[in-house]
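Note that ligands are numbered from 1 as they come in the structure, with each ligand's atoms numbered from 1 the same way. The first residue of the sequence shown is numbered 1, and numbering continues consecutively from there. Below, each value reflects all heavy atoms present in this structure, side chains not excepted, and no hydrogens, waters or symmetry copies.
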Amino acid sequence: MDREITPEPPRAASEQVVVDVREVRKVYDTSGHRVTALAGLTLEVKAGCFTAIMGASGSGKSTLLHLVGGLTQATSGTILVEGHDLSAMSDRARTIFRRRRLGIVFQEYNLLPTLSAWENVALPWLVDGQPLGMIRQRVAELATLVHLEERLEHRPDALSGGEQQRVAIARALLNDPVIILADEPTGNLDSRQSLEIWQLLRSIAHDQGKTILMVTHEAMGAAHADDVIVLRDGQIIGTLAPRGSADAAMIATGYQELSG
Ligand SMILES: Nc1ncnc2c1ncn2[C@@H]1O[C@H](COP(=O)(O)OP(=O)(O)O)[C@@H](O)[C@H]1O
Ligand SMILES: [Mg+2]
């Protein structure tokens with residue numbers, strides 16, 4: 001069992017590279033039809049950095065997150081996460097590494113509908129048989145962090161989309177991961193709820209020292225990040241550096257110039 005998880009203190013942003021993607025190609029070959037999803041992509045992400053990934057549909061954004069998350073294997077090239085080559089690990093070691101070091105957030109929240117918010121956040125530790133007092137304390141901490149203290153007894157269908165996504169973010173943080181991967185986390189949310197999620201992710205990176213990779217289509221979302229990379233046809237065609245969360249217009253213009 002996966003029991004020896006100990007919370008670590010917050011990490012400060014540093015020069016340490018936690019995601020190191022080198023010359024990665026990913027070719028999907030389904031029934032003789034080949035699609036090059038990533039075409040020799042190189043990217044370094046430093047600890048505590050919030051990076052937004054933009055690009056048209058089909059440009060390889062989700063494939064990049066799946067590779068960093070060890071959910072799929074590169075065709076060639078290397079991916080080091082905290083210095084570990086995920087492709088060199090056994091399936092079991094990779095699963096354990098993903099559970100301990102990565103938190104993953106999806107557009108659709110992926111909460112279990114029959115469980116309360118509290119149970120959804122606690123579930124991985126409940127399954128592991130962690131002491132209940134420790135689980136209660138950890139879930140309470142996370143509920144404060146995502147501003148959901150008052151909503152923990154509700155099931156997902158009684159929560160707004162933004163609240164459901166905050167439950168999913170709390171669940172992703174349970175094991176105190178070093179990296180959060182978020183694939184269009186605000187894709188189903190209105191602008192006010194989206195703004196709350198971007199502000200929350202920004203504070204999780206800057207106050208908790210988490211490294212965050214977030215796919216987004218929205219300039220306003222990307223403006224909350226420290227760095228923005230723009231993909232086209234499986235390659236990085238440019239980077240943008242917002243000077244603050246009010247820099248959405250610069251991101252929108254820069255993105256259009258790069259992809260136009
Ligand atoms: N499992 C798969 N099998 C075959 N082709 C895939 C698969 N996943 C993605 N692709 C293709 O790879 C390309 C990149 O996809 P994806 O990474 O999902 O792009 P994005 O997230 O930017 O929309 C697309 O052409 C897509 O159709
Ligand atoms: Mg995608």
Can you report which non-hydrogen protein atom sits closest to [atom], along with the distance?
atom	answer
atom 12 (O) of ligand 1	A37 CB, 3.4 Å
atom 18 (O) of ligand 1	S62 CB, 3.7 Å
atom 19 (O) of ligand 1	G60 N, 3.2 Å
atom 15 (O) of ligand 1	T63 OG1, 3.9 Å
atom 1 (N) of ligand 1	Y28 CE2, 3.6 Å

>> For the backbone of N175 and the side chain of R138, can you confirm whether one donor and one acceptor N or O come within less than 3.5 Å of each other?
In response: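 Not at all, since once roles are kept as given, no pair shorter than 3.5 Å links the two residues.
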Judging by distance only, is a nitrogen or oxygen of [X] under 3.5 angstrom from one on ligand 1?
X	answer
S59	yes
V35	no
G58	yes

>> Check this for me: D85, atom CG, are more than 12 non-hydrogen atoms of other residues, nucleotides or ligands nearer than 6.0 Å?
In response: yes
> CD of E150: more than 12 outside heavy atoms within 6.0 angstrom?
Replying inline: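 For E150, atom CD is not crowded (no more than 12 foreign heavy atoms under 6.0 Å).
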Have [X] and [Y] got a donor and an acceptor in their side chains that come within less than 3.5 Å?
X	Y	value
Q193	T186	no
K26	T36	no
D183	S62	yes
Y28	T75	no

> Would atom 27 (O) of ligand 1 count as contacted, meaning some protein heavy atom under 4.0 Å?
Replying inline: no
> Would you call G234 a ligand 1 contact, heavy-atom distance under 4.0 Å?
Replying inline: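 No, G234 has no heavy atom closer than 4.0 Å to ligand 1.
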>> Contact between ligand 1 and G55 is defined here as a heavy atom of the residue under 4.0 Å from a ligand atom; is it met?
In response: no
> Which atom names give the shortest non-hydrogen contact between P185 and L201, and what distance separates them?
Replying inline: CG-CD1, 4.3 Å
> Protein N, O or S atoms at less than 2.8 Å from the Mg ion (ligand 2), how many?
Replying inline: 1
> With the threshold set at 4.0 Å, does a side-chain nitrogen-carboxylate oxygen contact exist between R22 and E44?
Replying inline: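 Not counted as a salt bridge, because no side-chain N and carboxylate O are separated by less than 4.0 Å.
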>> Regarding R99 and D128, does a basic nitrogen lie under 4.0 Å from an acidic carboxylate oxygen?
In response: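 Yes.
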>> Checking F50 against H206 for the ring pair (Phe, Tyr, Trp, His ring centres under 6.0 Å) test, could you report, in this order, the C-alpha distance in whole Å, the side-chain angles of both residues, the deciding distance, and whether it holds?
In response: CA-CA 8 Å; F50 181 11; H206 293 176; 7.3 Å; no
> What atoms of ligand 1 come within less than 4.0 Å of a heavy atom belonging to A56?
Replying inline: 22 (O)
> Less than 4.5 Å apart, any side-chain heavy atom of V228 and any of T239?
Replying inline: no
>> Just to be sure I'm reading this right: ignoring hydrogens, which of H66, K61, E184 gets closest to atom 22 (O) of ligand 1? Compare them by their nearest heavy atoms.
In response: K61
